[in-house]
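To start, the structure itself, in structure tokens.
Both ligands and their constituent atoms are indexed starting at 1 by order of listing. Because the structure is predicted, anything quoted here is derived from the model rather than measured.
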Amino acid sequence: MKIYVINGANLNLLGKREPEVYGYDTLDGINDEIRDKAADLGLECEFFQHNCEGEIIDRLHEAALNADGVILNAGAYTHYSYAIRDAISSIKIPVVETHLSNVHAREEFRARSVIAPVCEGVIAGFGKHGYLLALTALSEIAGTIDKTER
Ligand code: DQA
């Protein structure tokens, strides 16, 4: 099974960006840990980060053709991108919304996710471990979900 790991706006700055909130690990370092865990689970991962909404949408469309599931940290787009929401509801593979920080314990605008209702599930607040939890969840459920039933 193949899983796409998609990170959105500003996540290329991990390690330097507000480390007290997002931690000191770089995105490359986190992706290495995800790759190792994926190997343990017998999964293959492809990694992608972009700051632009359209590029994230294109990658979700591509995931529908090439992957069995998606781990998506859309960054701030989570809170207002109806275009990313529509892209998720247009594809038939499970998408797990993932955040490093606990978005419910921060500013009010972060508590609202416009993509959560069309995602399979949401993981937030466990730092980089959230990506590994999402991977474990997808290893259990990807391939078993019929999104047409929702
Ligand atoms: C984030 C939370 C978002 O509110 C924020 O805009 C980010 C990162 C997280 O991983 O905690 O860029 O998605």
Side-chain angles (χ1 to χ4, degrees), residues 2-41 43-64 67-91 93-142 145 147 150:
K2 185 181 279 190
I3 305 298
Y4 272 24
V5 182
I6 302 177
N7 279 283
N10 297 305
L11 291 158
N12 54 311
L13 297 180
L14 283 180
K16 286 184 263 185
R17 171 193 183 203
E18 300 177 81
E20 65 290 353
V21 178
Y22 299 115
Y24 288 89
D25 291 288
T26 63
L27 187 57
D28 281 347
I30 293 172
N31 287 346
D32 284 344
E33 291 192 42
I34 298 171
R35 195 178 289 108
D36 287 349
K37 172 94 182 175
D40 290 346
L41 293 168
L43 303 173
E44 196 190 326
C45 285
E46 278 197 27
F47 300 92
F48 178 75
Q49 187 279 328
H50 212 284
N51 292 318
C52 299
E53 195 177 20
E55 299 282 347
I56 295 164
I57 292 166
D58 285 346
R59 200 45 71 114
L60 286 164
H61 294 172
E62 187 193 303
D68 302 288
V70 175
I71 298 171
L72 173 64
N73 183 350
Y77 289 129
T78 303
H79 311 302
Y80 65 89
S81 176
Y82 298 119
I84 291 177
R85 177 193 166 116
D86 283 350
I88 296 167
S89 49
S90 303
I91 64 176
I93 55 173
V95 177
V96 179
E97 175 183 338
T98 304
H99 301 283
L100 293 144
S101 65
N102 180 354
V103 284
H104 300 283
R106 301 180 62 197
E107 299 95 326
E108 207 179 320
F109 75 88
R110 292 187 205 277
R112 177 167 185 250
S113 166
V114 300
I115 67 172
V118 293
C119 286
E120 213 52 51
V122 180
I123 296 173
F126 298 103
K128 64 179 178 178
H129 305 293
Y131 292 98
L132 305 177
L133 293 169
L135 194 63
T136 305
L138 281 172
S139 76
E140 296 290 338
I141 64 164
I145 291 168
K147 272 191 152 188
R150 278 217 294 248

Quiz item: What residue pairs, at least two apart or across chains, pass salt bridge (charged side-chain N to carboxylate O under 4.0 Å, His left out) with a residue in residues 98-108?
Solution: E107-R110
Quiz item: What do you reckon, is CZ of F47 surrounded by more than 12 foreign heavy atoms closer than 6.0 Å?
Solution: yes
Quiz item: If you round to the nearest 0.5 Å, how far is OG1 of T26 from NZ of K128?
Solution: 9.5 Å
Quiz prompt | Short N-O contact, R35 and D32, less than 4.0 angstrom | solution = yes
For ligand 1, output the ligand-protein N/O contacts shorter than 3.5 angstrom; if there are none, return none.
residue	atom	partner	partner atom	Å
ligand 1	4 (O)	H79	NE2	2.7
ligand 1	4 (O)	R110	NH1	2.8
ligand 1	6 (O)	A76	N	3.1
ligand 1	6 (O)	R110	NH1	3.1
ligand 1	10 (O)	N73	ND2	2.8
ligand 1	10 (O)	L100	N	2.8
ligand 1	11 (O)	L100	N	3.3
ligand 1	11 (O)	S101	N	2.9
ligand 1	11 (O)	S101	OG	2.6
ligand 1	12 (O)	R17	NH1	3.1
ligand 1	12 (O)	R17	NH2	3.0
ligand 1	13 (O)	N73	OD1	2.8
ligand 1	13 (O)	H99	ND1	2.8

Exercise. Go through the steps to decide whether S113 and E97 satisfy the test side chain to side chain donor-acceptor pair (under 3.5 Å), and finish with yes or no.
Key: CA-CA 9 Å; S113 166; E97 175 183 338; 2.9 Å; yes
Quiz prompt | Shortest non-hydrogen contact from V122 toward A116 | solution = CG2-CB, 3.9 Å
